[in-house]
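Just so you know, these numbers come straight off a predicted model, no measurement behind them.
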Amino acid sequence: MNFRGVFNKGFVILATLLLACSFTCGAAKAAKLPSLYMGYVFTTHHTPVMVAAIKGKEFQQKGAYLEEMVPKQKFKLFNAEGKPLAVINLIVSKSGSETATLFAMNRMDLGLASSTAFMSGIDKGTKMKILCPLHVDGMSMVFPEDSKINGYEDVAAAIKASKTPFKIGYHSPTSAPRIAFEGALHKAGFKITGNPNDMDADILMVDLKSTSNLIPALLSKQVDCWVGPAPHPVVAEHKHVGHIGLDSRDLPPAGAWTDFPCCVMGASEQIIADQPEVVQAMTDLMTAASKWSNTHKEEAADISAKWIGVPAEAVEKSTIIYTTDPTENWIKGEAEFIAMLNSMNKFKGKMKGADITAAKPILFDFSFVEKSLKK
């Protein structure tokens with residue numbers, strides 16, 4: 001027996017197998033999908049991402065779709081041709097402030113949050129951009145169930161009649177409900193503070209830290225009322241623990257707050273640069289899911305109600321309009337947010353003193369949604 005020949009032959013076979021494995025492993029590594037993290041909050045403001053997750057392949061012809069890997073947590077993102085682009089890991093944030101913090105820590109790639117939360121983060125130097133709106137309206141001021149307050153004049157009268165600073169709760173320092181209501185009341189001439197020892201103020205803004213604390217704070221009389229995003233105001237009414245005394249669209253001056261901005265979708269500048277195909281697909285998907293949510297209100301309400309864990313009949317009462325279109329009216333609303341935040345001295349960095357013209361290149365990248373809206 002020629003042992004040398006057998007050995008050489010075996011060596012050749014082994015080398016061939018190793019080489020084949022090397023190519024196969026290399027190809028597999030090259031084909032590995034990026035694993036990205038996308039944040040959202042348990043609110044019906046973010047219904048489109050829930051709809052996209054549940055409806056899956058039904059959105060394929062609209063530009064992109066999600067395929068479930070782990071319910072509510074992990075999804076594979078595909079483009080219209082069925083090409084896999086990325087694994088999207090959904091992260092639940094307590095608030096827009098937390099979303100902005102995760103972006104700052106490089107622990108989030110895409111996120112849904114209030115535009116004011118993005119503004120605040122960008123002002124502090126976080127490298128991210130607002131890609132598109134997600135909806136308009138959907139913010140309310142809630143009082144105890146037995147309250148008779150109805151409309152701005154009643155709210156103003158209650159604030160003036162209070163012997164101590166009128167306590168208004170909010171769930172996040174950079175939330176759109178907090179900024180919108182506080183900004184409008186500030187503009188109306190009320191003195192507002194966050195310091196509980198400032199007894200000269202008309203209004204004390206109280207940070208309740210999370211939407212889960214809104215109803216308990218009202219029941220315990222920690223606050224006189226709170227401002228919050230849908231579905232929490234209608235859920236409070238549905239549970240007979242609260243009364244919606246004022247919607248954001250009815251803030252003064254009359255008509256200025258109709259179709260007002262709130263939540264947006266944003267992305268880190270790194271992901272925009274490194275994964276533009278993924279960013280485009282997610283923008284396409286949010287555009288399609290937003291349109292679908294408007295035309296299928298009952299089904300969209302059922303999806304988000306089951307996802308969040310609130311009564312569907314409460315969610316159905318929502319007046320939210322979902323849209324990814326940064327219309328001229330939407331831009332005017334963003335300009336109002338910027339002006340209010342500056343007037344209240346909330347900006348300390350690159351947004352300080354900026355108007356909408358100076359802020360546009362700092363805040364926005366609409367290049368993706370412009371393509372989505374043409375499809």
**Study point:** M340 side chain reached by H186 side chain, heavy atoms, under 4.5 Å
**Key:** no

Review point. Just by distance, do the side chain of D247 and the backbone of S140 share a donor-acceptor pair under 3.5 Å?
Key: no

Review point. At their closest point, which heavy atom of D137 faces which heavy atom of D259, and how far apart are they?
Key: OD1-N, 3.3 Å

Check your understanding: Between E145 and H243, what is the shortest heavy-atom contact and its length?
Key -> O-CB, 3.9 Å

Let me check something: any side-chain donor-acceptor pairs from residues 216-227 under 3.5 Å, sequence neighbours excluded? List them with distances.
from : atom 1 : to   : atom 2 : distance (Å)
S220 : OG     : P216 : O      : 3.0
S220 : OG     : A217 : O      : 3.3
D224 : OD2    : K167 : N      : 2.8
W226 : NE1    : L214 : O      : 3.0

Revision key, fill the gap. Correct closest heavy-atom pair for S293 and P48 would be OG-CA, 4.3 Å

**Study point:** Polar side-chain atom of T126 near backbone of M128 as donor-acceptor pair, under 3.5 Å
**Key:** no

Review point. To the nearest 0.5 Å, what is the distance between CD1 (I91) and CZ (R107)?
Key: 7.5 Å

Practice item. For this output row, return yes or no: ring centroids of F103 and F118 closer than 6.0 angstrom. Key: yes

Review point. Hey, does L363 have a side-chain heavy atom less than 4.5 Å from the side chain of K129?
Key: no

Revision key, fill the gap. In terms of heavy-atom contacts, P253 and W257 come closest through O-CD1, 3.9 Å

Check your understanding: Quick one: do V142 and V315 end up in the same hydrophobic cluster if we chain Ile, Leu, Val, Met, Phe, Trp and Tyr together by side-chain heavy atoms under 4.5 Å apart?
Key -> no

Exercise for review: Consider only side-chain N and O atoms of N195 and T193, and report whether a donor and an acceptor are under 3.5 Å apart.
Suggested key: no

Review point. Is it true that atom CD of E269 has more than 12 heavy atoms of other residues, nucleotides or ligands lying nearer than 6.0 Å?
Key: yes

**Study point:** Residues S372 and T283: side-chain donor-acceptor under 3.5 angstrom
**Key:** no

Check your understanding: Looking at E336 and K187, does any basic side-chain N land under 4.0 Å from a carboxylate oxygen?
Key -> yes

Check your understanding: Do E182 and K346 pass the side chain to side chain contact (heavy atoms under 4.5 Å, CB included) test, and can you show the C-alpha distance, the side-chain angles, and the key distance before you say yes or no?
Key -> CA-CA 12 Å; E182 182 180 343; K346 300 291 185 182; 3.9 Å; yes

**Study point:** NZ-CG distance between K191 and L204, expressed to the nearest 0.5 angstrom
**Key:** 12.0 Å

Check your understanding: Can you check whether M199 reaches T164 side chain to side chain, under 4.5 Å on heavy atoms?
Key -> yes

Review point. T43 side chain to A230 main-chain N or O, any donor-acceptor pair under 3.5 Å?
Key: yes

Exercise for review: For the pair N79 (side chain) and P84 (backbone), establish whether a donor and an acceptor sit closer than 3.5 Å, ignoring hydrogens and angles.
Suggested key: no

**Study point:** Test item: side-chain donor near acceptor, T99 and S93, under 3.5 Å
**Key:** yes

**Study point:** Worked check of salt bridge (Lys or Arg N to Asp or Glu O under 4.0 Å) between E68 and K57
**Key:** CA-CA 10 Å; E68 184 182 278; K57 206 169 183 179; over 6 Å; no

Review point. Stepwise, does the side chain to side chain contact (heavy atoms under 4.5 Å, CB included) test hold for I168 with L185?
Key: CA-CA 11 Å; I168 301 177; L185 292 168; 3.8 Å; yes

Review point. What about the rings of Y65 and F59, do their centers lie closer together than 6.0 Å?
Key: no

Check your understanding: Taking only residues two or more places apart in sequence, or in another chain, which ones meet K306 in a side chain to side chain contact (heavy atoms under 4.5 Å, CB included)?
Key -> D302

Review point. How about P231 and V234: do any of their side-chain heavy atoms sit closer than 4.5 Å?
Key: yes

Exercise for review: For the pair L77 and V87, evaluate side chain to side chain contact (heavy atoms under 4.5 Å, CB included) and give the outcome as yes or no after the intermediate values.
Suggested key: CA-CA 6 Å; L77 174 67; V87 172; over 6 Å; no

Review point. Is I244 close to M141 at the side-chain level, that is, under 4.5 Å between some pair of heavy atoms?
Key: no

Check your understanding: Are K62 and D284 ion-paired here, with the side-chain N under 4.0 Å from a carboxylate O?
Key -> no

Check your understanding: For the atom pair CD1 (I130) and NZ (K360), what is the distance rounded to the nearest 0.5 Å?
Key -> 12.5 Å

Review point. Do the side-chain N and O atoms of S268 and D109 include a donor-acceptor pair separated by under 3.5 angstrom?
Key: no

Practice item. Decide yes or no for F181 and S248: does some side-chain heavy atom of the first lie under 4.5 Å from some side-chain heavy atom of the second? Key: yes

Exercise for review: Indicate, with yes or no, if W292 and I54 share a hydrophobic cluster defined by side-chain heavy-atom contacts under 4.5 Å among Ile, Leu, Val, Met, Phe, Trp and Tyr.
Suggested key: yes

Check your understanding: Would a hydrophobic clustering, with Ile, Leu, Val, Met, Phe, Trp and Tyr connected at side-chain separations under 4.5 Å, put M205 with L208?
Key -> no

Exercise for review: Look at the aromatic rings of F42 and Y40 and report parallel, tilted or perpendicular, splitting at 30° and 60°.
Suggested key: tilted

Review point. Do side-chain atoms of S162 reach the backbone of I159 as a donor and acceptor pair under 3.5 angstrom?
Key: no

Check your understanding: Any side-chain heavy-atom pair from K72 and M50 closer than 4.5 angstrom?
Key -> no

Check your understanding: Is a side-chain donor or acceptor of D154 paired with a backbone partner of N150 at a separation under 3.5 angstrom?
Key -> yes

Point to revise | Separation of H232 NE2 from H45 NE2 (nearest 0.5 Å) | key: 8.5 Å

Review point. Is there a path of hydrophobic side-chain contacts, each under 4.5 Å between heavy atoms of I, L, V, M, F, W or Y residues, that connects V310 with V49?
Key: yes

**Study point:** Side-chain donor/acceptor of N294 to backbone N/O of I321, under 3.5 Å
**Key:** no

Point to revise | Distance-minimising heavy-atom pair for H46 and C263 | key: NE2-SG, 3.3 Å

Exercise for review: Please round to the nearest 0.5 Å and tell me the distance separating atom NZ of K209 and atom CG of N213.
Suggested key: 10.0 Å

Point to revise | Derivation of the side chain to side chain donor-acceptor pair (under 3.5 Å) call for T324 and S290 | key: CA-CA 7 Å; T324 59; S290 295; 5.5 Å; no

Review point. Is there a donor-acceptor contact under 3.5 Å linking the side chains of T174 and T116?
Key: no

**Study point:** Centroid-centroid distance, F337 to F260, less than 6.0 Å
**Key:** yes

Review point. Is the number of heavy atoms from other residues, nucleotides or ligands within 6.0 Å of NZ (K239) greater than 12?
Key: no

Practice item. Nearest 0.5 Å please: distance from the CZ atom of R178 over to the OH atom of Y170. Key: 4.0 Å

Point to revise | Derivation of the side chain to side chain contact (heavy atoms under 4.5 Å, CB included) call for K160 and D202 | key: CA-CA 7 Å; K160 290 173 184 175; D202 299 306; over 6 Å; no

Practice item. Determine whether more than 12 heavy atoms belonging to other residues, nucleotides or ligands lie under 6.0 Å from atom CZ of F366. Key: yes

Point to revise | Side chain to side chain, D325 and V369, heavy atoms closer than 4.5 Å | key: no

Check your understanding: With the 4.5 Å side-chain cut-off for hydrophobic clustering, are V92 and L134 part of the same group?
Key -> yes

Point to revise | All pairs passing salt bridge (charged side-chain N to carboxylate O under 4.0 Å, His left out) where residues 77-87 contributes a residue, at least two apart | key: K83-E277

Practice item. Have a look at Y322 and tell me which of T47, T44, T287 forms a side-chain hydrogen bond (donor to acceptor under 3.5 Å, both in side chains) with it. Key: T47

Practice item. For residues I338 and A359, report the shortest heavy-atom separation together with the two atoms involved. Key: CD1-CB, 3.6 Å

